[in-house]
Amino acid sequence: MSDTSLRSSIIRGTSYLAARSAIGFAVGLGGMLLLTRLIGAENYGLYVTISTVISYMSDIALMGVSNYIIRKEEVVGRSLYDLAFTFSLLASIAAIGVGVGLSFFLSGWLHSPEIRLPFLITLVALPISALLLPSQTMLEKELNYKQIAFLEMHTQFVYYGVALALAYAGFGIWAPVIGNIVQGAAAVVIGCKYAKYLPRLYWSWKPLKEMLQYGIANSVSKRIWGLRTLINPLIVGHFAGPGGVAVVSIAMRLIQALSVVNGTIMRVSFSVLAKLQQDKRRMELALNEAMTMQVFSIAPFLIGFAALAHWVVPLMFDDAWDAILVIYPFLAFKYMIYGIFNLQMNVLYVYGKNWEVTKFNLLHVGMLALLTFLLVPYFGLNGYAWAEVATIGTYYAIHRNVSESLNVDYREPFFYTLICVPAMFAPMLSFPWALLLLLPLLLFLVMSKPRNQIVGYSRQLLKKEKTLEAV
């Protein structure tokens, strides 16, 4: 990476994806609300289960080959993209056979035989992910986030356009199922156009072996982490039914949608950090600054929703969704801490320390699954929220591994998080007592450093500063 600063690279890529996220927030939140009202909580919970399980299967089939290509520092030829496509296509087809057997287990475990047919139809479309992989990987390797932002924005419009039209026509659960399939097909067409690439079959054992050596290790660690996404549909769903799955899913969707910039920083950081892996000093500065950026990118939106939740939730949902107010503060707090340590997981991936991440993922997901299984039968959805918070202690394992290579400074991100967290629990108190939890935020007005940092990052994201300070 020449002399361009990490901050410049992150913010330039983030500005495109953040703009897409802002539009996506409005479209996604509005579309989600309309969709849940039109098809009902039960159908929405079933669809969440279908999409989560099949998305996880798709990730397994792709085997982490895209991250292998992105991580390579040298120029990558077309044949490697073709090889990645060919392997992922074959793996996706094999996954369909596994999914057919899995459909019988799901219908019995969740006591929902009606889930089987829409699950199988969605499963047949699994190879679409393999078709999209090479073009999207090509765009990400070149840090072409402007076109990635347009790709995701356009396909989101396609999904909600199709799903809402069918839901209004009375298609029930089939509305999001068909919308998801059409969205995937549109993504392939647009992605190939932007990348100027058409997938073709290619096979070579030697580069495939190298690709899989990294890709499988990378995929195993991430897929273990991905198991946490199955805890809601499979464990919460078993005890609380599709309605409980829908409540937890929407609470998490709200948090992810409100974190407009957070996800984009994470996405850009892997590609950029990969270019700094030989420079320890810049890597340390990059990580420490990015952790602070994460806090400022997440907190304002999570706090804003928490402050207005008593009025917003009844406006957007009916009484059946009041449980969102109870679990939101705990999930928001967990997401704040997750944002800080997820950056460190990216550092470990860049350094090729996949096994260290894998061991952490096993610990974290295992603890979350166990606590959810033990608490939800007795405390309902509150039990799931408490289980999420309890797993924060497992992040020490990530810190210990990263600190062996880099000096990590937590003072700023942890202190700023401590100031912000009380405000996230405002939904748990009635007005005006909830205002007391907002008082710690006044520290940001009297402390000059965080105030200047917020102003500086905001100006850069809005492109009001033409010159960016080098890291």
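For the single chain, residues carry numbers from 1 onward in sequence order. Remember, it's a predicted structure, so these values are computed and weren't measured experimentally.
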Straight-line distance of Thr372 OG1 to Asn232 CG, nearest 0.5 Å
9.0 Å
Is it true that a side-chain atom of Asn288 and a backbone atom of Glu284 form a donor plus acceptor pair closer than 3.5 Å?
yes
Side chain proximity check, Ile303 to Cys420, heavy atoms < 4.5 angstrom
yes
Other residues, nucleotides, ligands: >12 heavy atoms within 6.0 Å of Tyr378 OH:
no
Among all residues two or more places apart in sequence or in another chain, which pass the side-chain contact (heavy atoms from CB on, under 4.5 Å) test with Ala306?
Tyr328, Pro427
Apply side chain to side chain donor-acceptor pair (under 3.5 Å) to Thr394 and list each qualifying residue two or more places apart in sequence or on a separate chain.
His364
Indicate yes or no: at least one non-hydrogen side-chain atom of Leu441 is less than 4.5 angstrom from one of Phe444.
yes
Side chains of Arg400 and Glu356, heavy atoms from C-beta outward: is any pair under 4.5 Å?
no
Pairs in or reaching into residues 80-101: which pass ring-ring contact (aromatic ring centres under 6.0 Å, His included), with residues at least two apart or in two chains?
none
To the nearest 0.5 Å, what is the distance between CG (Leu406) and CG (Leu285)?
10.5 Å
Are Phe333 and Phe330 close enough that their ring centres sit under 6.0 Å apart?
no
Sequence-distant partners of Tyr410, ring pair (Phe, Tyr, Trp, His ring centres under 6.0 Å), two or more places apart:
Phe341, His399, Phe414
Nearest 0.5 Å please: distance from the CG atom of Leu371 over to the CD1 atom of Ile231.
9.5 Å
Minimum heavy-atom separation for Gln294 and Gly339, please, with both atom names.
NE2-O, 3.2 Å
Mind checking ring pair (Phe, Tyr, Trp, His ring centres under 6.0 Å) for Phe104 and listing every partner two or more places apart, or none if nothing turns up?
none
CG of Asn361 to CG of Leu227: how many Å apart, nearest 0.5 Å?
9.0 Å
I'd like to check Tyr44 versus Val245 (side-chain heavy atoms, cut-off strictly below 4.5 Å). Are they in contact?
no
Could you go step by step and tell me if Thr358 and Trp225 meet the side chain to side chain contact (heavy atoms under 4.5 Å, CB included) rule?
CA-CA 8 Å; Thr358 300; Trp225 178 258; over 6 Å; no
Phe373: side-chain contact (heavy atoms from CB on, under 4.5 Å) partners, not counting sequence neighbours:
Ile235, Phe239
Pairs meeting criterion side-chain hydrogen bond (donor to acceptor under 3.5 Å, both in side chains) with involvement of residues 87-105, two or more places apart
none
Examine distances only and state if a side-chain atom of Asn401 and a backbone atom of Ala397 form a donor-acceptor pair shorter than 3.5 Å.
yes
For the atom pair CD1 (Ile50) and OG1 (Thr122), what is the distance rounded to the nearest 0.5 Å?
5.5 Å
What are the two closest non-hydrogen atoms of Ala84 and Leu133, and how far apart are they?
CB-CD2, 3.8 Å
So, using side-chain contact (heavy atoms from CB on, under 4.5 Å) as the criterion, who are the partners of Pro413 when residues are at least two apart?
Met291, Thr292, Val295, Ile340
Minimal heavy-atom distance between Pro440 and Ile419, with the atoms involved, is O-CG2, 3.2 Å
Determine yes or no for a side-chain-to-main-chain donor-acceptor pair under 3.5 angstrom, with Ser249 supplying the side chain and Ala246 the backbone.
no
If I take atom CG from residue Leu374 and atom CG from residue Leu370, how far apart are they, to the nearest 0.5 angstrom?
4.5 Å
Hits for side chain to side chain donor-acceptor pair (under 3.5 Å) against Ser405, two or more places apart or cross-chain, chain-then-number order -> Lys353
So do the side chains of Val402 and Leu287 get within less than 4.5 Å of each other, counting heavy atoms only?
yes
Anything under 3.5 Å between a donor and an acceptor, one on a side chain of residues 51-63, the other on a protein residue two or more places apart or in another chain? List them.
unit_1: Ser51; atom_1: OG; unit_2: Tyr47; atom_2: O; d: 3.0
unit_1: Ser51; atom_1: OG; unit_2: Val48; atom_2: O; d: 3.2
unit_1: Thr52; atom_1: OG1; unit_2: Val48; atom_2: O; d: 2.6
unit_1: Tyr56; atom_1: OH; unit_2: Arg223; atom_2: O; d: 2.7
unit_1: Ser58; atom_1: OG; unit_2: Ser129; atom_2: OG; d: 2.8

Donor-acceptor pairs are to be reported for all side-chain atoms of residues 187-208 against protein atoms at under 3.5 Å, with residues two or more places apart or in another chain.
unit_1: Tyr197; atom_1: OH; unit_2: Asp82; atom_2: OD1; d: 2.5
unit_1: Arg200; atom_1: NE; unit_2: Asp82; atom_2: OD2; d: 2.7

Qualifying residue, where the test is side chain to side chain contact (heavy atoms under 4.5 Å, CB included) with Ile255 and the options are Ile250, Ile298, Leu302:
Leu302
Can you confirm whether Val124 sits close enough to Leu120 that some side-chain heavy atom of one is under 4.5 Å from a side-chain heavy atom of the other?
no
Side chains of Met211 and Leu80 in contact at under 4.5 Å (non-hydrogen atoms):
yes
Sequence neighbours excluded and cut-off under 3.5 Å, please list the side-chain donor-acceptor pairs for residues 379-391, or say none.
unit_1: Tyr384; atom_1: OH; unit_2: Glu388; atom_2: OE2; d: 2.5
unit_1: Glu388; atom_1: OE1; unit_2: Arg228; atom_2: NH2; d: 2.7
unit_1: Glu388; atom_1: OE1; unit_2: Lys334; atom_2: NZ; d: 2.7
unit_1: Glu388; atom_1: OE2; unit_2: Arg228; atom_2: NH2; d: 3.2
unit_1: Thr391; atom_1: OG1; unit_2: Lys334; atom_2: NZ; d: 2.9
unit_1: Thr391; atom_1: OG1; unit_2: Glu388; atom_2: O; d: 2.6

Residue pair Ala323 / Val247: nearest heavy atoms and the distance that separates them
CB-CG1, 3.9 Å
